[in-house]
Amino acid sequence: MLHHIHKWKPLHFLQKFQILAPLSSLIFTKPSASAAKLEDELAAAAAIPNPRNTVSEVITGLGIFGLRKFLGNCYFRTMVSKLNQPEVDLIIESLSLESSDSAFGFFKFLRNECGFRHSRISEFIVVHVLATNRQFQELRSVVKQMVDEEGPGSAPSLCELLLYRFRDWDSSSVVWDMLAFAYSRSEMVHDALSVLAKMKDLNLKVSTSTYNCLLHNLRHTDIMWNVYNEIKDSGTPESDYTTSILIDGLCQQSSVQDAVSFLMDAERTETGPSVVSFNTIMSRFCKLGFVDVAKSFFCVILKYGLVPDSYSYNILIHGLCVAGSLEEALEFTKDMERHGVQPDTVTYNILCKGFHLLGLMSGARKVIQKMLVKGLNPDHVTYTIMICGHCHVGNIDEALKLQKEMISRGFQLSVIVYSVLLSSMCKSGRVEGALRLLYEMEAVGLEPDLITYSILIHGLCKQGDVQRASEIYREMYMKRIIPNYFAHRAILLGLREKGDIYEARKYFDHLTTRAVTEDMVLYNIMMDGYVKLGNVAEAIQLYKQIIEKGLNPSTVTFNTLIHGFCKTGKLVEARRMLDTIELHGLLPSPVTYTTLMNANCEQGNINGMFELLQEMEAKDVEPTHVSYTVVIKGLCRQGKRWDAVHLVEEMYAKGLSPDQITYNTIIKCFCKAQDFEKAFQLHNEMLMHNLAPTPVTYNLLINGLCVYGDLEDADRLLVSLNDSNINLTKVAYTTLIKAHCAKGDVYRAVALFHQMVEKGFEISIRDYSAVINRLCKRCWITEAKYFFCMMLSDGISPDQELCESLRSKDVLGEDRVVLSHRSIKPKVNSSQEKAYRAES
DNA sequence: GTAGGGTTAG
């Protein structure tokens, strides 16, 4: 009944429907009628039986904008929400004859504001209208959405629809071409090819850009050449991109040499090689790590009398940055400007990454400054680089700040950036924050993927929170994201970290006996668990199981066993294991040698340690910073502290970064040698290299001053550390307290003890007995008694050793009263303080 | 359709 509705004139059309007559008269005669009045009219209209047809007819007759103008979105939406797909198809078709704007406008309104799901017919109508009007951007977006929704394998049905419903429509060839392009763009190559086949049957022209896009997707395969032949046969003009894609394809399928000859084969084209083709070649060489070759091609561009464009410069700048030649990259950027090519956002992003790769985040910030001065704004790539850079150096708070800024500027973050943030939060133990980020990403409509979940599961497990890890595990399972070996490993690790070796073994047996996995890492985690508990026998049992099952152990498997043997002092067996590694066709790793070297060092066999170092170097196993730290420890044991210092310099020269343990080792040695000047200088060197000294560093310095230096200096150090809000552990206090007890300033000891308690450290019997034993040893009975009372009032009972110590000085004998008055907490009053001072 | 980002393990 509604066929050819579009031919009807609005007024005529409305008059046919009695019930809507008052409304139509309002619309046409009183444009300023009140909204309330219209609302009543509309309610009446909506109340009629089967109002849908009526409404659709009214809309069609009036034209969408006429009606929408009078009724406003709200009422309009009520009306159109009653429409079904065939009705909408009709309306859109009729509107398309009236004006393309109104058809597309109505289409968008329904889709975006009413959440209406259009039929493919409506979409194709709109697509044809847009094609006729040459609104290519909109055209592309509608076709893309359609193709993405339909998914792979949908081309035949869409082609059929086009063929039978839209055969004689204007712009049909543009629509077909766009369909092929969209399939190609969305990497549905087979669909794109099947559209092209139909187009060939219909004798429709394929555009160069569609061919190029397809070529690009097929550049890894032979089919690329079929498409290229088709381009030539059909007489479709080639563009610079066509050649450059072929060159890129040749690089991957064949060789760079073939690609170069193809490029240089200027006979092929009238214009000769293009800058675009040269850019492609340069990019390839850079990716292969041959920046120098890329540079020489840059010269060839100039030789040909061609002008390098921003791509040419950016490709080379990027190549240089990745190769670590930041300075040359910066120099080349200046060249770029000198030649009148302005560095763009991409250029600055590349430089940012160059700085970030060298760990120079301050440099990266300066690049952004410069970018802003030039009037260029950081884009989502800039933010991503900076966020990842900050995460990489462990500066998560800065990364989070940038993430907020990114959101506030309307940039969408990718799942990967969230994963980077999550991963670095987990690594620094901020799993709670990581979970918050997970909820946040879900709230902004990003779907966490397998990797995101695996990172979280690993983070939670590492903390021993297997419970919550399992919840996440279930959550991902519900979303049909199937956990892989990463999650299995993480959970096994979690159970082990929780200290529940039986539970871990149960899970391990469950995974390995079901034969779902032959993942050696699971064996390694399990074996390492046993070794850590000192149960080397069980680790060996598992190793036997590996061999019996015919599985292939990895170097880590052997390293774990070696570690076990070393730990139990069985260096001969450990050494034998090193040889077994090679029998299995594996190579020992730096960890293998470092473990053995460390064991030799611990046993005082420094020569053995050096022999291993030589063997390691002879076998081209590169020592790591840990290997060097072990050697430094060995040198320190021999008192060769200056050799140790030189070794640190050597590490820097080799590009190895000493860590806190390296410095702590060497600082300890200088303290022992009473060279505090050098010890503190090493501490400053740490700061210079952005290495935050650990509480151990400060404990070493304090202990050094206490034992080998000036106790007052140690006191002053503690005060200044506290003033600077530097994180200290209980050890810093107990060290000083013990020193004061031993050297007689019991008043200082008491004060420090109280300070330690105030800081909220949990005080153990060991801390009390350390103090009391020392006081007893020096016969400061009153003071020993004082601490003893404090301990009792703290609810701590003495152990046997402490009782003996007290009894030997007869402290217990006269103080049975105190034992029965545990709740009385002793207070130090000023007269007592004076007494302590007088005595000391 | 030639340039820039980027996540998980023992």
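These values consider heavy atoms only, across backbone and side chains, with no hydrogens, waters or symmetry-generated copies. Bear in mind the structure is a predicted one, so any value in this text is a computation, not a measurement. Throughout, a chain's letter reflects where its sequence line sits, starting with A, and its residues are numbered from 1.
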J.: Nearest-Å distance, CG (A:Leu511) to P (B:dG10)?
T.: 16 Å
J.: Is A:Val381 touching bases, backbone alone, or none of the nucleic acid, heavy atoms closer than 4.0 Å?
T.: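 The answer is base, as A:Val381 lies within the cut-off (heavy atoms under 4.0 Å) of a base atom.
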J.: Which of residues 421-430 of chain A have a heavy atom under 4.0 Å from DNA chain B?
T.: A:Ser423, A:Lys427
J.: Answer yes when A:Asp397 and A:Arg430 have at least one side-chain N-carboxylate O distance shorter than 4.0 Å, and no when they do not.
T.: yes
J.: Rounded off to whole Å, could you give me the OH-to-P distance for the A:Tyr241 and B:dA3 pair?
T.: 11 Å
J.: How many Å lie between CD1 on A:Ile245 and P on B:dG1, as a whole number?
T.: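 After rounding, the gap between these two atoms is 8 Å.
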J.: Less than 4.0 angstrom from a charged side-chain N to a carboxylate O is my criterion; do A:Glu475 and A:Arg468 meet it?
T.: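 Salt bridge flag = no for A:Arg468 with A:Glu475.
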J.: Under 4.0 Å: is that the gap between some side-chain N or O of A:His392 and OP1 or OP2 of B:dG6?
T.: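 Looking at the OP1 and OP2 atoms of B:dG6, neither is under 4.0 Å from any side-chain N or O of A:His392.
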J.: Return yes if the base of B:dG6 and the side-chain atoms of A:Ser414 contain a donor-acceptor N/O pair under 3.5 Å, otherwise no.
T.: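 Yes, the side chain and the base share a sub-3.5 Å donor-acceptor pair.
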J.: Donor-acceptor check, side chain of A:Ser184 to backbone of A:Ala180, threshold 3.5 angstrom: yes or no?
T.: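 It does not hold such a pair.
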J.: Under 4.0 Å between any heavy atoms, over every strand shown, what does A:Asp379 touch: base, sugar-phosphate, or nothing? Just pick one.
T.: base
J.: Would you call A:Asp177 and A:Lys205 a salt bridge, taking side-chain N to carboxylate O under 4.0 Å as the test?
T.: no
J.: Please determine whether a side-chain nitrogen or oxygen atom of A:His458 lies at a distance below 4.0 Å from atom OP1 or OP2 of B:dG10.
T.: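 Indeed, a polar side-chain atom of A:His458 lies that close.
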J.: Separation of A:Ile455 atom CD1 from B:dG10 atom C1', in whole Å?
T.: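 From A:Ile455 CD1 to B:dG10 C1': 17 Å.
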J.: Looking at every strand, decide which applies to A:Thr280 at a 4.0 Å heavy-atom threshold: base, sugar-phosphate, or nothing.
T.: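 If one applies the 4.0 Å heavy-atom cut-off, A:Thr280 turns out to touch the sugar-phosphate alone, with no base involved.
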J.: A:Ile387 has an atom CD1; how far is it from atom C1' of B:dG5, in whole Å?
T.: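 Distance check: A:Ile387 CD1 to B:dG5 C1' gives 11 Å.
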J.: Within the 4.0 Å heavy-atom criterion, would you say A:Ile525 contacts the bases, only the backbone, or no part of the nucleic acid?
T.: sugar-phosphate
J.: Would you mind classifying the nucleic acid contact of A:Arg185 as base, sugar-phosphate or nothing, using non-hydrogen atoms under 4.0 angstrom?
T.: sugar-phosphate
J.: Using a 4.0 Å heavy-atom cut-off across all strands, classify A:Ser239 as base, sugar-phosphate, or nothing.
T.: base
J.: Any ion pair linking A:Glu538 and A:Arg505 (charged N to carboxylate O, less than 4.0 Å)?
T.: yes
J.: For A:Phe278 and A:Phe297, take the angle between the two ring planes, folded into 0 to 90°, and tell me which bin it lands in: parallel under 30, tilted 30 to 60, perpendicular over 60.
T.: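 Plane angle between 30° and 60°, so tilted.
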J.: Any salt bridge between A:Glu503 and A:Lys506, counting N to O under 4.0 Å?
T.: yes
J.: Nearest-Å distance, CD1 (A:Ile481) to C1' (B:dT8)?
T.: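 It is 14 Å, rounded to the nearest whole Å.
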J.: Please report, rounded to the nearest Å, how far the C1' atom of B:dG6 is from the CZ atom of A:Phe411.
T.: 17 Å
J.: Is A:Lys353 reaching over with its side chain to a backbone N or O of A:Cys321, donor-acceptor style, under 3.5 angstrom?
T.: no
J.: Could you give the distance from OG1 (A:Thr595) to CG (A:Leu578), rounded to the nearest 0.5 Å?
T.: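 Result: 10.0 Å between the selected atoms.
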J.: Taking only side-chain nitrogens and oxygens of A:Arg284, does any of them come within less than 4.0 Å of OP1 or OP2 of B:dT2?
T.: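 Checking B:dT2 against A:Arg284, no side-chain N or O comes under 4.0 Å of OP1 or OP2.
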J.: From the options B:dG5, B:dT8, B:dG6, select the nucleotide whose nearest atom is closest to the side chain of A:Ile416.
T.: B:dG6
J.: Looking only at the side chain of A:Asn524 (C-beta and beyond, no hydrogens), which of the listed nucleotides B:dG10, B:dA3, B:dG5 gets closest?
T.: B:dG10
J.: A:Leu246 has an atom CG; how far is it from atom C1' of B:dT2, in whole Å?
T.: 13 Å
J.: Could you tell me whether the side chain of A:Ser277 and the main chain of A:Leu263 form a donor-acceptor pair under 3.5 Å?
T.: no
J.: For DNA chain B, which residues in residues 340-356 of chain A have a heavy atom at a distance below 4.0 Å?
T.: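 Residues of residues 340-356 of chain A that come under 4.0 Å of DNA chain B are, in numerical order, A:Asp344, A:Thr345, A:Val346, A:Asn349, A:Ile350, A:Lys353, A:His356.
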J.: Please work out if A:Ser312 contacts a base, only the sugar-phosphate, or nothing of the nucleic acid, heavy-atom cut-off 4.0 Å.
T.: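 Nothing, no nucleic acid heavy atom in range.
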J.: Return yes if some donor-acceptor pair links the side-chain N/O of A:Glu398 with the main-chain N/O of A:His390 below 3.5 Å, else return no.
T.: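 No, because the side chain of A:Glu398 does not come within donor-acceptor range (under 3.5 Å) of the backbone of A:His390.
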